[in-house]
Amino acid sequence: MTTLQGKIALVTGASSGIGRATALALAQAGADVTINYLTYPEWAEELADQIRAAGMRALLFPVDVADQDSVEKMVAETVKEFGGLDIFVTNAFYSDEAPFHLADMAGFRRTIDVTMWGAFYGVRAAANQMIRQGRGGDIVVVSSPHAREAIPTSMAYNMAKAAVDQMARTAAVELLPHRIRVNIVHPGWTDTPGERKYFSEEILERAAKTLPWGRLARPEEIARGILFLVDPASDYITGSTLTIDGGIQLPWWSKRGSGEF
């Protein structure tokens, strides 16, 4: 069983979905948690109450991760209040969808500013703090299969996630001397509030049945993978990508022999 007693964590985009499930899982494992969010403020407050009810400390920061100064201040305030930073999970994202030649450029840039630059600002600030502490640390980058799949109408998000993967691997190499582990998670299609931006419940339910595993992922399943990566027992894992997608990355012929082909 993962134990994070005495650890201090910061999770971006933590008021809903994967971020929320991750923040709660870290707290249940014994970590104090800083909750970053920009949407669903009432859910963030509720999450903080749940963390405190579990006996751990919680901080709330309504910060836009695309603002570097605000991200650095958030890390500094976490250290001031909790005494350090051991775990950083960058999960916040933004995505507008449209064919690239028709895309509204404000939305296109916002997607990259939040999803790519926001991740970089957080990883940079967290790494610098961990280096100053001199006791190692764990960074998890929540990326996406969009990093390797050319999914149409998602060019900005595809670009951002591909960059984020390379960022994480490069950081893993550069941080080796400091014993700071950096790993990537690729969630499959996950049942989160963000999916309702483009899909109705009926469409989501119908689409889920077409997936290899026959359903969407639950945020708690992705959080379990993140918890595994930051577990002290996973000390030998760095620069890796953990895919939790119910088989979406498998080729179509992987279902041969199942009676479907």
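Computed from a predicted model, the values in this text were never measured in an experiment.
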Path from Leu85 to Met56 over hydrophobic side-chain contacts below 4.5 Å: no

Between Asn158 and Ala150, is there a donor-acceptor pair closer than 3.5 Å when you use the side chain of the first and the backbone of the second? no

With a 4.0 Å cut-off, would you call Arg20 and Glu46 a salt bridge? yes

Are the side chain of Thr111 and the backbone of Gly107 linked by a donor-acceptor contact shorter than 3.5 Å? yes

For atom CZ of Arg124, decide whether the heavy atoms of other residues, nucleotides or ligands shown that lie under 6.0 angstrom number more than 12. no

Side chain proximity check, Ser15 to Leu38, heavy atoms < 4.5 angstrom: no

Got a donor-acceptor contact below 3.5 angstrom from the Lys161 side chain to the Val142 backbone? yes

Check whether Asp86 reaches the backbone of Gly137 with its side chain - one donor and one acceptor, N or O, closer than 3.5 Å. no

Evaluate side-chain contact (heavy atoms from CB on, under 4.5 Å) for Ile237 paired with Phe228, printing each intermediate quantity in order. CA-CA 10 Å; Ile237 303 173; Phe228 163 74; 3.5 Å; yes

For atom CZ of Arg109, is the number of surrounding heavy atoms from other residues, nucleotides or ligands below 6.0 Å larger than 12? no

Test side-chain contact (heavy atoms from CB on, under 4.5 Å) applied to Leu47 and Val33, step by step: CA-CA 10 Å; Leu47 173 61; Val33 183; over 6 Å; no

Parallel, tilted or perpendicular: which fits the ring planes of Trp117 and Phe120, with parallel below 30° and perpendicular above 60°? perpendicular

Around atom CZ of Arg215, are there more than 12 heavy atoms from other residues, nucleotides or ligands closer than 6.0 Å? yes

Shared hydrophobic cluster for Leu227 and Ile87 (ILVMFWY, side-chain gaps under 4.5 Å): yes

Side-chain ion pair, Asp64 and Arg110, N-O less than 4.0 Å: yes

Whether Thr12 side chain and Asn91 backbone form a donor-acceptor pair below 3.5 Å: yes

Connected via hydrophobic side-chain network under 4.5 Å: Leu229 and Ile244: yes

Ring pair (Phe, Tyr, Trp, His ring centres under 6.0 Å): pairs with one or both residues in residues 122-151, sequence neighbours excluded: His146-Tyr157

Would you say the side-chain atoms of Asn36 pair up with the backbone N or O of Val11, donor to acceptor, closer than 3.5 Å? no

